[in-house]
Every structure is written in structure tokens, then in C-alpha cells.
2 protein chains.
Amino acid sequence: MQERPAYLLVADELRHRIQRGRYPPGSKLPTFEELQRAYGVSEIVIRNAVALLRHEGLVDTRRGGGTVVRRRPQARRLAMDRYRAEGNLGVGGNPAAGNGPATSFTADHGIGWGEYRLSARYTTMGADAELAALFGVDLGTPLLRRRFVFHAREEPEQISVNFLPLDLVAGTPVADPAREPWPGGTPAQLASLGHPVTRIEESVSARMPTTAEAQTLRMSHGTPVFAILRLMISGDAVLEVCRHIVIPADRVVLDYRIDLAGPPGLSG
Amino acid sequence: MQERPAYLLVADELRHRIQRGRYPPGSKLPTFEELQRAYGVSEIVIRNAVALLRHEGLVDTRRGGGTVVRRRPQARRLAMDRYRAEGNLGVGGNPAAGNGPATSFTADHGIGWGEYRLSARYTTMGADAELAALFGVDLGTPLLRRRFVFHAREEPEQISVNFLPLDLVAGTPVADPAREPWPGGTPAQLASLGHPVTRIEESVSARMPTTAEAQTLRMSHGTPVFAILRLMISGDAVLEVCRHIVIPADRVVLDYRIDLAGPPGLSG
DNA sequence: CAGTGGTCTAGACCACGCT
DNA sequence: GCGTGGTCTAGACCACTGT
């Protein structure tokens, strides 16, 4: 029977106590010095143990502020129906249906239009291999590249980097950053150009954030992100490629519905 | 201008080299001692830097084996259409369509029936609050609990913990662990009981694995997992609740399609 | 200002992979 | 057996939080 490293034993013990409610969310763990004495080990053992819990997303540590059991933020549910609402908004014309302008983002976060802010950066570039394949166009085809950081109540919540064919949007209000935020979002923009979105495809990945992403989104350690590749399709044409929507994974649950009742796929 | 800690500078440098291809996937980084000398810092600085990269999922370290740039496993695409195939399988009766028995899992992994194995553990329990709400039954209603670990070529790939109403399956082959693996999976099982699945709902979360999950799935460090809550619905009745499907997130991409062309939601 | 966690040093021994 | 990364000691100074 080989001995488990001391820091793992300490981590197991602390984890157990957190999960059993001995250290409830929001409470402080004992200081390193106290833990050191309690377990009769050196500081680095405690440090390694706490670092492990931090990378598991169980605790947060702050200089001078102690080690705090993380509160699980209640996750928002991102339902696919929100896109339906956006589409209708765009098609119908004015968003005068209810409480003023809206977007899937504002609906998701339950915030008003005034609490919604985004920072935008627009550039143009030629399609690289991946984008060319997704759009079904030639390499180097001019695209409008838009990078958004969505804020709810001044808190950064989501990064989006997306692309539109330049020949579709050049000279239109859609290509004007000053027009953002746009009620109804991208579906409304595409509808305003005469191309209502008929299908959306989302490819969901999860990974650890890059340091830049963690900084932009003010993320706590030990939290993965969703990285979603999204296509907006009108008829058979891909009109928008969102290369990545990046969302901290502790803040959302993605809801999808799959209907099997209708006629299944053709072949086979 | 405050100074960035040394270990972050070293991590930045190494990360940059990895991303630029200076250290390609599968290659070894210099040893700690070499890095120490190269940067003129103590060992712990190197250690902290490499630990950071490991938690970001960029490298793997092994005692005696050096620090290796992780190869990105090519992610499998889990498309929602696979459920359609399963449903047809069950309804049609025999799975004699093509290459023998199949499941969404075998299709996903491109493996034959012989390379597919699962370990199963069945128990019964009363519905807790969450399950009762999802099934729409009373607290304590008897349920069959099934825990599966799916293996492809003897590699553990996926954990599933799911529940069926006991009054639906008691005494049927579905409640017999020895009948697994079952061609067509759960949709086929439900169809065999006269309840074809008409709708599936999936709620996708991502988080760091528990230590038990990491061990069961033989995961490398710094990799999050998808945790999917899945409902199988026939008509208006929830027939199966999969409380969590756990899949290492570096191995899959989840594809979803959202059709907007049809009649939108009723209200509003 | 006291207390806390963060970074770092110099050094030791251990466990594992490779050859 | 040798070299690698893993664990650990004892101690120092720094940066931030709270009072």
C-alpha cells in the first residue's frame, strides 16, 4: 500500500468538508497557518491542496482575504427558442411588442435595454480556409469581421467573433458599428437585408479559457468556457459564421430540443 | 508599471512557442533544469509555469518522461441525428439494415459491435425532488437507476447515470442488466415497450471533473467535462431521465440544429 | 497596521520512465 | 542506473484586504 501524498489527503479532507456543508458556500476556510498546525505539515502541502481545490473550481483565494468557498452562481438557461423571438422581431419590423427593444442576450440575462452594453470592433479580412469552407466561398473572399464583448450591468459575460460576407453588408447599416446594439440581434439584421434566417447550427465545445479570455471575462480560476461555433443559414446559404461565442461555463446551461416525431432524414 | 511574476513570464514564453509551432504537438519541452538555466530562475518558477500550462490543457507531464506538448485529439462530432437512427432501429424491429447492431455510441465512435463494451450497475430508488419534478411524479416514486460506463476499444469514454419509472420496466427485459448492450440503446428499449420517443431534450453544462470521474475516464489534467442532462419524451410523458452523461470535453463537439422555418411558438 | 495568501530561494529525497 | 518530474522542508520577502 503506497502512501498518498500529503497534499492530496488534505485536499480530500477539505473537499469532503465543503461538500458536507461543514464549510458552506461563502464561508472562509481556516488560514494556511491554522491548517498547517492542524495537519502537522509544512505550508507548501496546504498550498498545494488549496491550489487543487481552486483548480477544481471549489474555492477562491485572495491575498489578504483568505480562502472562500465559491458560491455556485445560478446558471442561466439559454434555450434555443430565443432565436425564434429574434427572428420574429426582425421580420415584424418594430420591436414594439413588449418592454422595448430586446435581444436573445437581454432575454437570457433578464435585463432591460439600458443595462445592456456591448463593445464592438469591426474589420475586414479575406476568408481563411475554415471560413471559406463554412461559407462555401473561395479563399480570400472579403468578409466583415465583428468582435463583440457583451456586458450585462457592466459585467462582461460573453465574447463573440463573427463574420458576414462583405458583399452582403457593405454600405448597409449592418456594417456600421455605431448602429449597435441592434434590437433583435443578427437575425434581425439579416432579416432587414431581406434574408430571414431559417436554420441555425451550433457546435458546442468546452475547454479552459485562454489567459486573454479569462481576463476579458473576469473569470475565476478553475472554470471552463463554452466555445460555440454558430452558423446562421437562410435557405441553403450560410450568411453568418460565428467562429466562437465564448461564455464562462459556470454561468449558463444550454438547452436543446430534438424532435423525432416528424419525418426522419431521407437517406437510409 | 508593476512587474509580472516570473513564472507567468516563463509560461507566456513557453505558451507562445507552443502556439507558434516551436514546440509542436507530441514534442518534449526542455527539462526543468535546462529551463532553469535558460531563464536564470529557481526550479519552483519553472514548476509553477509548467503547472499553469498543464492546467490550461496545453502540456502533459510525467515523472521521468518529461513535459510533452499535448496532441489535440480530434474531436468526434455528436450530431443529434444519431437519435433518429436509434428510434428507427427500435421501431423497425431488427437492426438488420447494415453492419449489424449499432447504437448512437458505436456510430459516434465509428466502432463495430465487438469493440463496444459497457459496464452496468442497476439499483432501485425512490425519486428525489429533482427527479420527481422532471418525471412529474410524486416524491419517492420507485425508479430503476442505471449507471453505465461506455467503453470503445476498452477505453472508457463516457459515464451515464439514468432513471426509468419502475412500473414501466419492472419484469421486462429492459430491467435486466444482462441484456446490455442493447442494439439501438434506450430509444429502442422504450420503443420495445410500446413508447416510441418523440422528443429529446438536452441541457448541456461544462465543468471540471470530480476526481472520481477523472479516474474512471482516465482523463488528463486540465480537461473539463460535458455534463448533459437528457430527457427522453414520448408524447407528453418523460420516460427516461439521464441525470448526467459525462464526457471529457476534449473528445467531442456537440452539434445541434435549430429550425426556424416552421411555425414559431404560439404565444406572443 | 496586522494578517493573509502569493512568489521565490536553496536544497533534499522520492517515484517513475526509459534504456 | 540515470535522468526526469513530484513532493516536501524551512525560511524570506512581497502584495493585497481588512480594520
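All figures in this text were calculated on a predicted structure; none of them were measured in a lab.
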Practice item. Can you run through DNA chain D from 5' to 3' and write each base as (, ), [, ], | or . depending on how it pairs? Watson-Crick or G-U wobble, both distances under 3.5 Å. Key: ||||||||||||||||||.
Exercise for review: May I have the distance from E43(B) (atom CD) to dC8(D) (atom P), rounded to whole angstrom?
Suggested key: 14 Å
Study note, to complete from the structure: I44(B) CD1 to dA10(D) P, in whole Å, measures 15 Å
**Study point:** Of E33(B) and N48(A), the one whose closest DNA chain D nucleotide lies more 5'
**Key:** E33(B)
Review point. Can you tell me how far C1' of dG6(D) sits from CZ of R4(A), to the nearest Å?
Key: 14 Å
Point to revise | Residue from R70(A), H55(A), R251(A) passing side-chain hydrogen bond (donor to acceptor under 3.5 Å, both in side chains) with T223(A) | key: R70(A)
Exercise for review: Determine, stepwise, if the pair D128(B) / F163(B) fulfils side chain to side chain contact (heavy atoms under 4.5 Å, CB included).
Suggested key: CA-CA 11 Å; D128(B) 60 26; F163(B) 301 87; over 6 Å; no
Check your understanding: For dG6(D), does OP1 or OP2 lie under 4.0 Å from any side-chain N or O of R47(B)?
Key -> yes
Revision key, fill the gap. Considering only heavy side-chain atoms of Y7(A), the closest of dC8(D), dT7(C), dG5(D) is dC8(D)
**Study point:** Spacing of L35(B) atom CG relative to dG5(D) atom P, expressed in whole Å
**Key:** 8 Å
Check your understanding: How long is the line joining CD of Q36(A) and C1' of dA10(D), in whole Å?
Key -> 10 Å
Study note, to complete from the structure: In short, Y23(A) meets K28(A) closest at the heavy-atom pair CD2-O, 4.5 Å
Review point. Taking the side chain as C-beta and beyond, is there a heavy-atom pair between P181(A) and F148(A) under 4.5 Å?
Key: no
Review point. What integer distance in Å separates I46(B):CD1 from dT7(C):P?
Key: 15 Å
Check your understanding: V161(B) and R145(B): side chain to side chain contact (heavy atoms under 4.5 Å, CB included), yes or no, with the steps?
Key -> CA-CA 7 Å; V161(B) 177; R145(B) 176 185 189 275; 3.7 Å; yes
**Study point:** Rounded distance (Å) that lies between atom P of dT7(D) and atom CG of L9(A)
**Key:** 12 Å
Review point. Does Q215(A) CD have over 12 foreign heavy atoms under 6.0 Å away?
Key: no
Check your understanding: Looking at side-chain heavy atoms only, is the closest gap between V68(B) and R62(B) below 4.5 Å?
Key -> no
Review point. Does the pair D108(B)/R76(B) count as a salt bridge with the N-to-O cut at 4.0 Å?
Key: no
Review point. L134(A) and L229(A): side chain to side chain contact (heavy atoms under 4.5 Å, CB included), yes or no, with the steps?
Key: CA-CA 11 Å; L134(A) 289 170; L229(A) 170 68; 4.2 Å; yes
Review point. Looking at DNA chain C, which of residues 61-68 of chain A put a heavy atom within less than 4.0 Å of it?
Key: T61(A), R62(A), R63(A), G64(A), G66(A), T67(A)
Study note, to complete from the structure: note: F32(B), atom CZ; dA10(C), atom P; distance rounded to Å ~ 17 Å
Check your understanding: Is the shortest side-chain N/O distance from R54(B) to OP1 or OP2 of dG6(D) below 4.0 Å?
Key -> yes
